[in-house]
Amino acid sequence: MQQTLVAIMIIALTALLYFAMVKVYQRFSYPLLIPVLTTTIVIVGLLVSMHIPYHDYMIGGQWIHSLLGPAVVALAYPLYKQRTILMKYRFPIIGGVFAGLLTGMVSGLLFARVLGIDHDLILSIVPKSITTPVAIQIAAGLGGIPSMTVIFVMIAGFSGVILGPLVLKIGRIHSSLGRGIALGSASHALGTSKAMEYGELTVSMSSVSMTLSALLGSVVGPVVVWVFHV
């Protein structure tokens, strides 16, 4: 009974903080104030300051986490509505996703090498732009550290959401197709959440890109590691 009450309180607190951060973001639309990032920072701050173990937080947090699956499945609806456009531009979409995936993997690997990062961490960085469940499996298969891969995936997601709009503006990318492919292939689910600000077609492109990145990444990842002799 006590654990149930704790779980309910944690879920309520997380939801209230998120909706509060949404209001802040709507009032001050700065990239650094995206609700997912600010809510995460506030929750981490509360857990640390109040000495609450992560395990205790996840009593309720696991209920929220369990909604991730249905949320991803729900992306099928905008995909269905945009199916005609998806089929029309299938080759540019596949090509764009492949280019984004390859660039993300190779750039991360090369930067890690230049900075002198350990071998195991380099292997953990390679799948950073792929959605977490798949990235963990790829990292494990490559010989990386899955727990570190989760951190790199979060960094890739947040950095893409924060810097993505600026990069799109500098690159003069205004099409829904281009924005969706860029956000989905670089920043997975977080990028897709950002794509919602650009319209339904951009969300559809982003969710397709995220899915294709996961599928192609399972094949491309080992090849990139082999080519660069990591």
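There is a path of hydrophobic side-chain contacts, each under 4.5 Å, that joins Leu216 to Phe228.
With hydrogens and angles disregarded, a donor-acceptor distance shorter than 3.5 Å links the side chain of Arg90 to the backbone of Met87. The backbone N or O of Leu190 sits less than 3.5 Å from a side-chain atom of Ser193, completing a donor-acceptor pair. With hydrogens and angles disregarded, no donor-acceptor distance shorter than 3.5 Å links the side chain of Ser124 to the backbone of Met148. No donor-acceptor pair closer than 3.5 Å links the side chain of Ser187 to the backbone N or O of Gly184. The backbone N or O of Ala189 sits nowhere less than 3.5 Å from a side-chain atom of Lys194 that would complete a donor-acceptor pair. Under the 3.5 Å distance criterion, the side-chain polar atoms of Thr103 are left unmatched by any main-chain donor or acceptor of Gly100.
The environment of Phe158 atom CZ is dense: over 12 non-hydrogen atoms of other residues, nucleotides or ligands sit within 6.0 angstrom.
Taking the side chain as every heavy atom from C-beta outward, Leu142 and Pro222 approach each other to under 4.5 Å. In this structure, the side chains of Phe98 and Leu212 stay at 4.5 Å or more apart for every pair of heavy atoms. Side-chain contact check for Ile122 versus Asp118: every heavy-atom pair is 4.5 Å or farther apart.
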> For Leu123 and His119, what are the C-alpha separation, side-chain angles and deciding distance, and is it a side chain to side chain contact (heavy atoms under 4.5 Å, CB included)?
Replying inline: CA-CA 7 Å; Leu123 295 175; His119 176 263; 3.3 Å; yes
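Taking each heavy atom of Val153 and Pro127 in turn, the nearest pair found is CG2-O, 4.1 Å. Of all heavy-atom pairs between Val223 and Val219, the closest is CG2-O, 3.3 Å.
Residues Ser206 and Thr192 have side chains that bring a donor and an acceptor to within less than 3.5 angstrom of each other.
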